[in-house]
Amino acid sequence: MSRQSGGGIYAWLPRGFRGRKKSEQMVGGKQAAIGARELRVPTSQPAALWRQSERYDAYGPEMLRITDRHDRDMLYGPTNEEQITEIFSDAAKSYRDLPRMLYHIQWKFRDEVRPRFGVMRGREFLMKDAYSFDADFEGAKRSYNKQFVAYLKTFARLGLTAIPMKADSGPIGGDMSHEFVILAETGESEVACHKDLIEADWENTEIDTEGDLQPFVDSFTEKYAATDEERDPDAEMALGDDLVVARGIEVGHIFHFGTKYSKAFNAVVTGPDGAEITAEMGSYGIGVSRLVGGIIEASHDDNGIIWPEAVAPFKVGLINLKTGDEGCDGACEDLYGKLQDAGIDALYDDREGRAGVKFADMDLIGLPWQVVIGPKGVSGGFVEMKNRATGERQEISAEAALAQLTA
RNA sequence: CGGGGCGUGGCGCAGUCUGGUAGCGCACCUCGUUUGGGACGAGGGGGUCGGAGGUUCGAAUCCUCUCGCCCCGACCA
């Protein structure tokens, strides 16, 4: 899956990489669906940019500072508001350029005092960041709500129960900052919320993201949900049996921050009346590398990982029980070829070795489906198809298996 | 940054107290027997013991310095 290269720094090995890549695509797809456009800004940044927003000195030792050969101060980006705002500022001149939402998926570095939980909290990590630019607060609120809904859909698609919890929104105030927390046994802190928030099925809820999302968002935010430091004993008491307390991992954070950066970078457009409008901004993050850790944390059993189909490195694992046997090799290669032709990602175990090892390894890898082909099946004209999550097996023809996987 | 711990074949560890030239399990390679749920036998390869300096006839082991990593806390996607 991954291998540590230094404190809080990890290499992604092929199988883990595929899972991460799928997660990226999934997360990105949900951003595109609400109209965000993808771009990419560099990992290394000039310190001057951060001096302009007065964050260079404010950021502290978490920022990895670098000096280049000309003795210029640079840094490995812990986040990207400055770059994106500067880009927007250069390009947008008219109110007609608003609203605008941009996102990217990029590596960041935060020199955490104490990295831990492996990829869940590394120093170098992959993050999806979206930034919104609106003409006024009402517009910013619409953008915020779109992201709110997109986040619910994103996490639901990954089989995760992600609960939006009110977060500290700093000097801005209001309820325009939420952390999305998934529940997992090894979460880093204790969280509490109304049980309705956990039981909701949002993946299959139809939501018109162009309509008024406020009532929908309100239906969440009016229910109690709090991270460790925000908890309210009185409110929890009042909930009684509706209260759920569990460990949580923060995988996303959305917030509105007004004009802090648009002022610093003169992100100003001309309004319909010729007056200048300073863009209202918000930013919306999802820790993608952390998410992969969270998915595995939330979805495994004693035998190994159970990948959600949306982000599994491969959809199906093909096991040749008797490599070297003409019938088994032929049947496997035939099906493997057909799966590839159909565009189905398949992992083929053609190792020589004992059946038990292959079964155990495939369960450990945790692909959603397994197709087992052995001498019995070859002579009987069937393959065995197993669902990793339920353990359900069925003996069906190779054609039926193919049909089911391509459906 | 405070507190604790650990660096010995690819992985997990023993050996360190009480110095005598490195061992175990797994993995790997070869051959044979096995073969639908983590096989067995025989043989084999691989480590200047994190690094530097010191003490000593002799250092994985003792001393000094240094680097790295892990865990607990305060902090973060």
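Side-chain atoms are counted along with the backbone in the values below, which use heavy atoms only and exclude waters and symmetry mates. Lettering of chains follows the sequences in order, A, B, ..., and the numbering in each one begins at 1.
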Query - Separation of the C1' atoms in rG20(B) and rA59(B), to the nearest angstrom - result: 10 Å
Query raised in the report: In whole angstroms, how far is the C1' atom of rG37(B) from the CG atom of Asn303(A)?
Result: 10 Å
Query raised in the report: When you compare rA42(B) with rU55(B), how far apart are their C1' atoms, in angstrom units rounded to a whole number?
Result: 47 Å
**Report entry** Candidate nucleotides rA77(B), rC70(B), rG37(B), ranked by approach to the side chain of His253(A) - the nearest
**Finding:** rA77(B)
Please report, to 0.1 Å, the donor-acceptor pairs under 3.5 Å made by any side chain of residues 284-293 of chain A, with sequence neighbours excluded.
{"from": "Tyr284(A)", "atom 1": "OH", "to": "Ser132(A)", "atom 2": "OG", "distance (Å)": "2.7"}
{"from": "Ser289(A)", "atom 1": "OG", "to": "Leu126(A)", "atom 2": "N", "distance (Å)": "2.9"}
{"from": "Arg290(A)", "atom 1": "NE", "to": "Met120(A)", "atom 2": "O", "distance (Å)": "2.7"}
{"from": "Arg290(A)", "atom 1": "NH1", "to": "Glu250(A)", "atom 2": "O", "distance (Å)": "2.5"}
{"from": "Arg290(A)", "atom 1": "NH2", "to": "Met120(A)", "atom 2": "O", "distance (Å)": "3.3"}
{"from": "Arg290(A)", "atom 1": "NH2", "to": "Glu188(A)", "atom 2": "OE2", "distance (Å)": "3.3"}

Query - No-H, no-angle donor-acceptor pair, Arg114(A) side chain to rG3(B) base, under 3.5 Å - result: no
Requested in this report: Tell me whether the OP1 or OP2 atom of rA39(B) has a side-chain N or O from Arg354(A) closer than 4.0 Å.
Outcome: yes
Query - Minimum side-chain heavy-atom gap Ile295(A)-Ser23(A) below 4.5 Å - result: yes
Report task. Provide the Watson-Crick or G-U wobble partner of rC31(B), both distances under 3.5 Å; none if there is no partner. Result -> rG41(B)
Report task. Test Tyr131(A) against every option in Asn80(A), Thr85(A), Ile87(A) by the side chain to side chain contact (heavy atoms under 4.5 Å, CB included) rule and name the one that passes. Result -> Asn80(A)
Query raised in the report: At under 4.0 Å between heavy atoms, what does Gly6(A) touch on the DNA or RNA strands: base, sugar-phosphate, or nothing?
Result: sugar-phosphate
Query raised in the report: Can you tell if the side chain of Leu49(A) reaches within under 4.5 Å of the side chain of Phe265(A), non-hydrogen atoms only?
Result: yes
**Report entry** Carboxylate-amine/guanidinium contact Glu82(A) Arg55(A), below 4.0 Å
**Finding:** yes
Report task. Give one of base, sugar-phosphate or nothing for Arg3(A), where a contact means two heavy atoms less than 4.0 Å apart. Result -> sugar-phosphate
**Report entry** Face-to-face contact Phe125(A) to rA77(B) six-ring, under 5.5 Å, under 30°
**Finding:** yes
Query raised in the report: For Gly324(A), which contact category applies under a 4.0 Å heavy-atom criterion: base, sugar-phosphate, or nothing?
Result: nothing
Requested in this report: Give Gly285(A) one of three labels, base, sugar-phosphate or nothing, depending on what nucleic acid heavy atoms sit under 4.0 Å from its own.
Outcome: nothing
Report task. Could you check whether Pro61(A) gets within reach of a base, just the sugar-phosphate, or nothing at all, counting any heavy atom under 4.0 Å? Result -> nothing
Report task. Under 4.0 Å between any heavy atoms, over every strand shown, what does Val288(A) touch: base, sugar-phosphate, or nothing? Just pick one. Result -> nothing
Report task. Could you work out the separation of rA74(B) and rC1(B) based on their C1' atoms and round it to a whole Å? Result -> 9 Å
**Report entry** Whole-Å P distance, rC28(B) and rC65(B)
**Finding:** 44 Å
Report summary line: Contacts of Ile373(A) and Val251(A) projected onto RNA chain B by closest heavy atom; the upstream (5') one is Ile373(A)
Report task. Rounded to whole angstrom, note down the P distance from rG3(B) over to rU21(B). Result -> 39 Å
Query raised in the report: How far, in whole Å, is rC24(B) from rC62(B) if one measures between their P atoms?
Result: 23 Å
Query raised in the report: Do Arg65(A) and Tyr56(A) meet the cation-pi criteria used here (NZ or CZ under 6.0 Å from the six-membered ring centre, within 45° of the axis)?
Result: yes
Query - Pairwise P distance for rC75(B) and rU64(B), with rounding to whole Å - result: 36 Å
Query raised in the report: Hey, does the side chain of Arg116(A) come within less than 4.0 Å of rG73(B)'s phosphate (OP1/OP2), counting only N and O?
Result: yes
Requested in this report: Would you mind classifying the nucleic acid contact of Glu384(A) as base, sugar-phosphate or nothing, using non-hydrogen atoms under 4.0 angstrom?
Outcome: base
Query raised in the report: With a non-hydrogen cut-off below 4.0 angstrom, is Asp361(A) in contact with a base, only sugar-phosphate, or nothing?
Result: base
Report task. Please tell me which of Gln4(A) and Leu364(A) maps to the more 5' nucleotide of RNA chain B, matching each residue to the nucleotide holding its nearest heavy atom. Result -> Leu364(A)
Query raised in the report: Which part of the nucleic acid, if any, lies within contact of Val357(A), taking any heavy atom under 4.0 Å across all strands shown: a base, the sugar-phosphate backbone alone, or nothing?
Result: base
Report task. Side chain of Val372(A) only, please: which of rC70(B), rG36(B), rG37(B) is the nearest? Result -> rG36(B)
